[in-house]
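Both ligands and their constituent atoms are indexed starting at 1 by order of listing. By convention here, the first residue in the shown sequence is residue 1. Both backbone and side-chain heavy atoms feed into the values below; hydrogens, waters and symmetry mates do not.
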Amino acid sequence: MTATATVHDVTMRFREHTALDGVSTTIEQDTITGLLGRNGAGKTTLMQLLTGHRVPSQGRVEVFGGRPYENDDVLRRICFIKEGQRYPEQFRVRDALAAAATLFPDWDEDLAQSLMRDFDLPAKRTVKKLSRGMNSAVGIIIGLASRAPLTLFDEPYLGLDAVARQLFYDRLLADYAEHPRTIVLSTHLIEEIADLLERVILIDRGRVLLDTDAESLRDSALTVSGPSAAVQAFAGRHELLHTETLGGHSRAVVRLGPGADGEDARAAGLAWEPTKLQQLVVAMSLQTATDQSAPPSATSPRLEEVPR
Ligand SMILES: Nc1ncnc2c1ncn2[C@@H]1O[C@H](COP(=O)(O)OP(=O)(O)OP(=O)(O)O)[C@@H](O)[C@H]1O
């Protein structure tokens with residue numbers, strides 16, 4: 001495995017608030033990584049560090065072997081599409097794309113034009129007259145057509161309808177297959193992108209809860225149901241993440257011990273089904289929420305905006 005980016009024991013503080021707390025991870029080359037987590041978990045902050053928009057309070061971030069902050073050699077290989085990205089108001093759509101074309105050495109104009117048609121974007125309309133979804137489509141087109149060796153999409157969907165989102169996933173996958181590169185995607189629409197992901201990083205309250213390949217993650221948890229006593233006994237042999245009980249019947253999300261699979265649940269007299277990525281993420285995030293009686297922010301007297 002070759003790393004496109006490595007994050008070594010990174011802490012990011014905004015005055016009293018710790019947005020990232022001792023985070024270490026690797027973004028593997030030519031993979032699609034999903035950056036998941038609840039609101040305020042620290043996803044955008046991590047992306048800002050990877051793209052040189054911020055410098056960590058502690059620790060080290062390396063992208064393409066160098067520190068990204070003010071490092072042109074690294075930054076010209078990165079495309080970062082932010083949530084609700086804005087463009088200069090006087091720009092027409094085609095001006096925004098033309099500006100992007102000058103920024104990214106691997107820009108593919110044919111791809112940009114074909115995506116314009118897919119998303120039905122009017123080239124001559126000024127960006128200030130675009131709907132929210134159309135504005136997001138401009139970001140998605142730039143992100144894909146940049147063919148940047150490291151492309152990050154931070155919740156790129158604001159206002160984008162289901163058809164346009166599906167178009168994004170399809171075109172991303174098709175272009176990635178032909179031109180492998182490193183893609184990081186943060187989203188709350190987990191089930192929609194679950195099949196796209198090769199790696200998953202789950203962040204919760206500034207810490208990494210999960211950092212694994214999507215394949216083994218899919219096999220690592222089961223949702224079991226049956227008589228409460230049997231569910232409890234089964235969960236006791238593995239790791240219980242979440243449970244719901246009604247009458248004498250329980251349904252639980254269980255993280256399996258080594259070598260275990262659905263057959264073990266069946267042998268225990270339980271019905272089982274694979275746990276969807278979204279269920280797993282919710283269960284793990286809720287588990288840490290109940291484990292920690294007070295959220296970290298409760299100990300922060302005041303949150304203040306810290307300018308760059
Ligand atoms: N400039 C800032 N000044 C102060 N606090 C900040 C700043 N930027 C982020 N934070 C705080 O850091 C934490 C992590 O924020 P971040 O934007 O990284 O979360 P996120 O996982 O991207 O959330 P969301 O899914 O809601 O976009 C939050 O508590 C946020 O309020």
Is it true that Arg147 and Asp175 have a side-chain N and a carboxylate O under 4.0 angstrom from each other?
yes
Output the list of atoms in ligand 1 that are nearer than 4.0 Å to some heavy atom of His188, sorted by atom number.
25 (O)
With a 4.0 Å heavy-atom cut-off (strictly under), which part of Arg15 contacts ligand 1: side chain, backbone, both or neither?
neither
Salt-bridge criterion met for Asp73 and Arg76 (N-O under 4.0 Å):
yes
What do you reckon, is CD of Gln232 surrounded by more than 12 foreign heavy atoms closer than 6.0 Å?
no
With a 4.0 Å cut-off on heavy atoms, is Met12 touching ligand 1?
no
If you measure from each heavy atom of Glu155 to ligand 1, is any distance below 4.0 Å?
no
Would Gly37 count as a contact of ligand 1 if the rule is a heavy atom under 4.0 Å away?
no
Could an N or O of ligand 1 be found under 3.5 Å from any N or O of Phe14, whether backbone or side chain?
no
Under 4.0 Å from a heavy atom of Ala41: give me the atoms of ligand 1 that qualify, with their elements.
19 (O), 20 (P), 21 (O)
Under a heavy-atom criterion of less than 4.0 Å, does Arg205 contact ligand 1?
no
Select the closest option to atom 28 (C) of ligand 1 among Gly206, Gly42, Gly40, judged by heavy-atom distance.
Gly40
Qualifying residue, where the test is side chain to side chain contact (heavy atoms under 4.5 Å, CB included) with Leu121 and the options are Leu115, Ile141, Asn135:
Ile141
Under a 4.0 Å N-O cut-off, is there an ion pair linking Arg60 with Asp9?
no
Arg54 heavy atoms within 4.0 Å reach ligand 1 at atoms 1 (N)
Should you measure from each heavy atom of Asn39, which atoms of ligand 1 turn up under 4.0 Å away?
23 (O), 24 (P), 25 (O), 26 (O)
Close-contact set for ligand 1 against Thr45 heavy atoms, below 4.0 Å:
14 (C), 15 (O), 16 (P), 18 (O)
Residue among Gln166, Gln278, Arg165 satisfying side-chain hydrogen bond (donor to acceptor under 3.5 Å, both in side chains) with Glu192
Arg165
If I compare all heavy atoms of Ile190 with all of Thr187, which pair ends up nearest, and what's the gap?
CG1-O, 4.2 Å
Would you mind reporting whether Val23 and Ile203 have side-chain heavy atoms less than 4.5 Å apart?
no
